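Computed from a prediction, not measured in an experiment: that's the story for all the values here. Throughout, protein chains are lettered first and strands after them, A, B, ... in sequence-line order, and every chain is numbered starting at 1.
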Protein chains: 2
Amino acid sequence: MKYSAPTIKDIARALNLSTSTVSRALRDSYEINPATKKLVLEYAAKLNYHPNPIALSLRERRSLSLGVVVCEVANSFFSQVINGVESIAYEKGYQVIISQSRESSVKEWRGLQYLASRSVDGLLMSLSTETTDLSMIRQLHAQGLPIVFFDRVAEDIPTHKVTVDGFQASYKAVSHLIENGYRRIAILANAAFLSITKERLAGYQKALAEHGLPLRESYIRYCDHGGMYYDEVESALRSLLAETPRPDAIFAASDKLTTNSLRVLRLLQIKIPDQMALAGFSNSELTELLDPPLTVIKQPAFEMGRIATELLLQLIESKRPVKEFETRKLQAEVLVRASTLPRKKRIVQYPTSR
Amino acid sequence: MKYSAPTIKDIARALNLSTSTVSRALRDSYEINPATKKLVLEYAAKLNYHPNPIALSLRERRSLSLGVVVCEVANSFFSQVINGVESIAYEKGYQVIISQSRESSVKEWRGLQYLASRSVDGLLMSLSTETTDLSMIRQLHAQGLPIVFFDRVAEDIPTHKVTVDGFQASYKAVSHLIENGYRRIAILANAAFLSITKERLAGYQKALAEHGLPLRESYIRYCDHGGMYYDEVESALRSLLAETPRPDAIFAASDKLTTNSLRVLRLLQIKIPDQMALAGFSNSELTELLDPPLTVIKQPAFEMGRIATELLLQLIESKRPVKEFETRKLQAEVLVRASTLPRKKRIVQYPTSR
DNA sequence: TTGTAGGCGTTATCAT
DNA sequence: ATGATAACGCCTACAA
C-alpha cells in the first residue's frame with residue numbers, strides 16, 4: 001500500500017505554474033503576485049500540503065532532529081531528562097529521536113549507527129553501563145557530529161558535558177546516614193569505570209573519612225548492568241548481608257539499584273530502617289509512597305535535559321568549530337524520609353534468624 | 001560547524017570510477033568486477049562510509065521508520081509498550097520515533113504533523129485524553145498512511161486496533177472488591193469519551209449489577225487529563241469522599257489515576273484498606289513495594305507493542321490496500337495485594353475526625 | 001564490466 | 001512576476 005503526500009509539483013501542475021513559483025508562493029516571497037500567492041496557498045491548504053521534510057533534509061544537509069541515547073526510557077530519571085530535552089528542542093523546531101541501549105553496548109552501537117549517519121544534527125548521550133569501547137563515538141565526534149554528554153559522560157572526549165554533582169550528593173546523603181547513627185554503611189554502585197560511579201564513590205568515601213569511619217573495601221559492590229536485572233542486585237545484596245560485621249545501611253548509587261534494593265530487602269524480610277537503613281539515587285515519583293518512604297537523592301533531570309540541549313544547539317548552530325567546552329555540574333537534592341530514621345539503640349542488631 | 005559524511009561521489013572521484021559503479025559495488029552486484037568491488041569496499045570501509053539514509057528515504061519513498069504517539073514515556077505502561085514496539089521494529093530494520101502528546105491535543109497534533117508528512121512509514125497511536133477532533137488522523141489515514149491504534153483507540157477509524165479487554169479486567173477487579181466485602185465502590189476514570197473509559201466503566205457496572213449492588217452516578221468521576229495532574233485527582237477524590245454515604249473503595253481506571261489516588265489518600269491520612277480500599281490499573285514495577293502494596297490490573301504492555309507493530313508492518317508491506325481489519329483484545333491480569341484486603345466488619349467506618 | 005542520465009521533493013540561482 | 005535549471009545523495013534503466 002502506497003502513501004503519497006501532495007508535492008509542489010502536484011500543485012504546480014494543477015495550477016499551471018512552475019514549481020519555483022509555487023515554492024516561492026508557499027514561502028511568501030515578496031516577488032510573487034499576491035493573486036498567485038493566494039491561489040497557491042488556498043490550493044495547498046485544500047490538499048493539506050506540507051513540505052517533505054526528507055527532501056528538505058537532503059537539500060539543507062540537516063534533518064532538524066536530535067538523537068538521544070539513553071539506557072532506557074522506562075526509568076524516571078531518563079524520561080524526565082527527555083522531557084527537558086523536548087521542551088527546548090520543540091521550541092527551536094527540532095525533532096527528538098530516542099534510542100535505547102538497555103545497558104547493552106551492542107544496542108547502543110546499533111542505535112548510534114543509525115542516528116549518526118547523517119540522520120541527526122546532533123547527539124545527546126548517556127553511556128550504557130556496558131560501554132568501554134568509545135571508538136565509534138570518538139570517530140563520529142572527530143567527523144564533526146556535535147555531541148553533548150549528560151549523566152554518564154565520556155571523560156576524555158572533548159565536548160560539552162552536563163552532570164550532576166554526584167560527589168556532593170553522595171557526600172550529603174552518606175553524612176546524613178552517619179548523623180542518624182549508622183556506622184556500617186555499604187555502597188551499591190554501577191559499573192566501576194563509569195565517571196558517575198567514581199564520583200559517587202568518592203563522596204561516600206569523603207563522608208566516611210570526615211566522620212572518622214573506616215572505609216571497608218568489602219562494603220563496596222558494583223553492578224555492571226546498573227541494576228537493570230533484579231538478580232544482579234539480589235546477589236550483590238545477599239553477599240553484603242553475609243559480611244561480618246553486617247552493614248547497617250545501604251547506599252545505592254543509582255535509580256534501579258535503589259528500588260531493586262528495596263525489593264530485595266523486603267523479600268528477605270529485613271526491616272527498614274531498623275535492621276538496615278536504605279538511601280539512594282532515585283527520580284521516581286513514587287518513592288515517598290513506598291514502604292517505607294525512601295530517603296533519596298533526586299537529580300534535577302528535567303533541568304539537565306534542558307541544559308544539555310541548549311549546549312547541543314549552540315554547537316550545531318555555531319558557525320565556526322567550537323574549541324572551548326564546558327562541564328556543567330548541577331546540584332541534586334536529598335529528600336529525607338523514613339528509610340533512614342535515626343537509629344534506635346535499643347533494637348536488636350543481629351537477630352538470630354537470618 | 002558542518003558535519004559531512006563521505007558519499008558515493010567521494011569514493012568514485014578518489015577511485016576514478018563512476019558513481020553507479022561504486023553504488024553497485026557497495027551493494028555487491030554480480031555485474032561488477034571482483035577486483036573493482038574489493039577496491040571500492042576497502043576504500044569505503046576506510047572512510048567509514050554509510051549510505052545517507054535521508055537520500056535513501058527520498059528515493060525509496062520510505063524512511064524505514066515508525067512513529068509512535070503516546071501521551072508520555074514517563075509512564076510504565078507506555079514505556080513497556082515502546083519496548084515491545086522496538087523489539088519488533090529493530091528486528092525488521094525499522095527505526096522508532098517517539099512523540100509525546102502529554103495529554104495535550106495541540107502537542108499531539110504537532111507531533112503527528114511532523115511524523116506524518118512522509119517522514120514515517122506508519123504510525124502507532126494511542127490518543128491523548130484531550131483529543132476529540134480526529135480530523136487530522138482521519139485525513140492522514142485517508143491519504144494512505146498506515147496506522148494502528150493501541151490502548152486508546154479511535155473507534156470509527158477503520159484500521160487494525162490492539163486493546164486490552166478493559167471490560168473483563170474491570171469486571172474482575174471490581175468483583176474482587178465486592179467479594180472482599182466492599183459495597184460502596186467509586187470509580188475514577190479517564191475522559192469520558194475515550195473508548196477505554198467506556199469499556200472499563202461497563203465492566204465496573206456489570207460487576208455491580210451482577211452482585212445486586214446499585215449503580216450510583218454520584219460515585220463516578222472523570223479526570224480529563226488522565227490523572228496527569230495531581231490536582232485533578234485530588235479534587236476528584238475529595239469530592240468522592242464528601243459523598244453520602246461515603247465510598248468504601250476506589251477503583252481507578254488508569255495508571256496515573258491509581259498512583260495519584262494513593263498519594264491523595266495518604267495525604268488525607270485515610271487508612272487503606274480499612275477506611276478505603278484502592279485498586280486500579282497500573283503497570284508500574286513498584287506497586288508491590290508501595291504502602292500498602294496495591295491491588296492492580298496489569299496490562300500486557302510489551303505484548304501489546306509487539307502485536308501492534310506486527311500489524312503495522314503488515315499494513316506497510318502489503319502490496320494491495322488492506323480492507324479487512326482486526327481488533328485484537330488482550331487479557332490483563334489482576335494482581336491482588338493488601339490494598340483490597342477483606343473488609344473487617346469491626347472497623348469504625350465513619351471516623352469523626354477526617 | 002562500466003558509464004550516463006533521470007528522478008525522488010525542494011530551493012537557490014540565473015534567466016526571461 | 002515567473003520559469004528553467006542545477007544540486008543535495010542515491011539507485012536503476014538503459015546505453016556502450
Side-chain angles (χ1 to χ4, degrees), chain A residues 2-41 43-44 47-65 93 114 116-121 143, chain B residues 2-41 43-44 47-65 114 116-121 143-144:
Chain A
K2 217 61 225 167
Y3 163 61
S4 200
T7 73
I8 281 192
K9 225 183 223 172
D10 297 328
I11 302 180
R13 213 172 5 235
L15 266 41
N16 244 310
L17 292 167
S18 77
T19 57
S20 8
T21 305
V22 175
S23 172
R24 277 184 281 238
L26 288 169
R27 328 190 73 240
D28 201 26
S29 159
Y30 67 97
E31 41 183 10
I32 295 291
N33 186 324
T36 316
K37 211 180 269 183
K38 185 153 172 281
L39 199 67
V40 170
L41 289 176
Y43 190 69
L47 255 57
N48 188 28
Y49 168 84
H50 292 287
N52 180 330
I54 293 181
L56 279 178
S57 299
L58 182 61
R59 216 194 118 73
E60 316 208 333
R61 297 139 108 234
R62 59 179 195 159
S63 59
L64 284 177
S65 65
Y114 187 94
S117 54
R118 268 294 310 286
S119 76
V120 294
D121 298 338
Q143 286 177 348
Chain B
K2 216 70 224 164
Y3 165 60
S4 200
T7 72
I8 279 190
K9 226 185 225 170
D10 297 328
I11 301 180
R13 214 170 6 232
L15 267 41
N16 246 310
L17 291 168
S18 76
T19 57
S20 34
T21 305
V22 175
S23 171
R24 278 185 279 238
L26 288 169
R27 328 192 75 243
D28 200 27
S29 159
Y30 65 96
E31 39 182 10
I32 295 290
N33 186 324
T36 316
K37 211 181 270 184
K38 185 153 172 280
L39 199 67
V40 169
L41 288 175
Y43 190 69
L47 256 57
N48 190 26
Y49 167 85
H50 292 288
N52 179 331
I54 294 181
L56 276 177
S57 300
L58 183 60
R59 209 195 118 76
E60 314 207 332
R61 297 137 108 231
R62 61 179 193 157
S63 59
L64 285 177
S65 65
Y114 187 94
S117 55
R118 271 291 311 283
S119 76
V120 294
D121 297 339
Q143 287 176 348

field: Considering all heavy atoms, the nearest B/L41-B/A25 contact
entry: CD2-O, 4.1 Å
- request: For B/L58 and C/dG6, give me the distance from atom CG to atom P, rounded to whole Å.
  value: 18 Å
Residue A/I8, side-chain heavy atoms: nucleotide from C/dT11, C/dG3, C/dT1 that is nearest: C/dT11
- request: Please report, rounded to the nearest Å, how far the C1' atom of D/dC10 is from the CG atom of B/L26.
  value: 11 Å
statement: Looking only at heavy atoms, the pair that brings A/P6 and A/N48 closest together is CG-O, 4.3 Å
- prompt: D/dA7 phosphate, OP1 or OP2: any side-chain N/O from B/K9 under 4.0 angstrom?
  reply: no
message: With rounding to the nearest 0.5 angstrom, report the CG to CD1 distance, A/L26 to A/I32.
response: 9.5 Å
message: In whole Å, I'd like the distance from the CZ atom of A/R62 to the C1' atom of D/dA7.
response: 17 Å
Gap between atoms CG and P, on B/L15 and C/dT2 respectively (whole Å): 11 Å
message: Using the side-chain heavy atoms of B/N33, tell me which of these nucleotides is nearest: C/dT1, D/dC10, C/dC8.
response: C/dT1
query: If you pin B/P34 and A/P6 to their nearest nucleotides in DNA chain C, which one's is more 5'?
result: B/P34
Pairwise distance CG(B/L39) to CG(B/L17) - rounded to 0.5 angstrom: 7.0 Å
- prompt: Atom CG of A/N16 to atom C1' of D/dT2: distance rounded to whole Å?
  reply: 13 Å
- prompt: If every non-hydrogen atom of B/I8 is compared with every non-hydrogen atom of B/Y49, which pair is closest and at what distance?
  reply: CG1-OH, 3.3 Å
message: Can you tell me which nucleotide in D/dG9, D/dG3, C/dT2 comes closest to the side chain of A/T21?
response: D/dG3
message: If the cut-off is 4.0 Å, is B/T36 near the phosphate of C/dT1, judged by side-chain N/O to OP1 or OP2?
response: no
Provide a list of protein-nucleic acid N or O atom pairs under 3.5 angstrom, restricted to nucleotides 12-15 of chain C.
residue, atom, partner, partner atom, Å
C/dA12, O4', A/R59, NH2, 3.1
C/dT13, O4, A/R24, NH1, 3.3

message: List the residues meeting salt bridge (Lys or Arg N to Asp or Glu O under 4.0 Å) with B/R59, not counting sequence neighbours, and say none if there are none.
response: none
Atom-pair distance (CG on A/L17; P on C/dT11), nearest Å: 15 Å
message: What verdict does the side-chain contact (heavy atoms from CB on, under 4.5 Å) test give for B/T7 and B/D10, after you've listed the backbone C-alpha separation in whole Å, the side-chain angles of each residue and the deciding distance to 0.1 Å?
response: CA-CA 5 Å; B/T7 72; B/D10 297 328; 3.5 Å; yes
query: Rounded to whole angstroms, how far apart are NE2 on A/H50 and P on C/dT10?
result: 12 Å
- prompt: Rounded to the nearest Å, what distance is computed from the CZ atom of residue A/R13 to the C1' atom of nucleotide D/dT2?
  reply: 18 Å
query: Is there a side-chain polar atom (N or O) of B/Y30 under 4.0 Å from OP1 or OP2 of C/dT2?
result: no
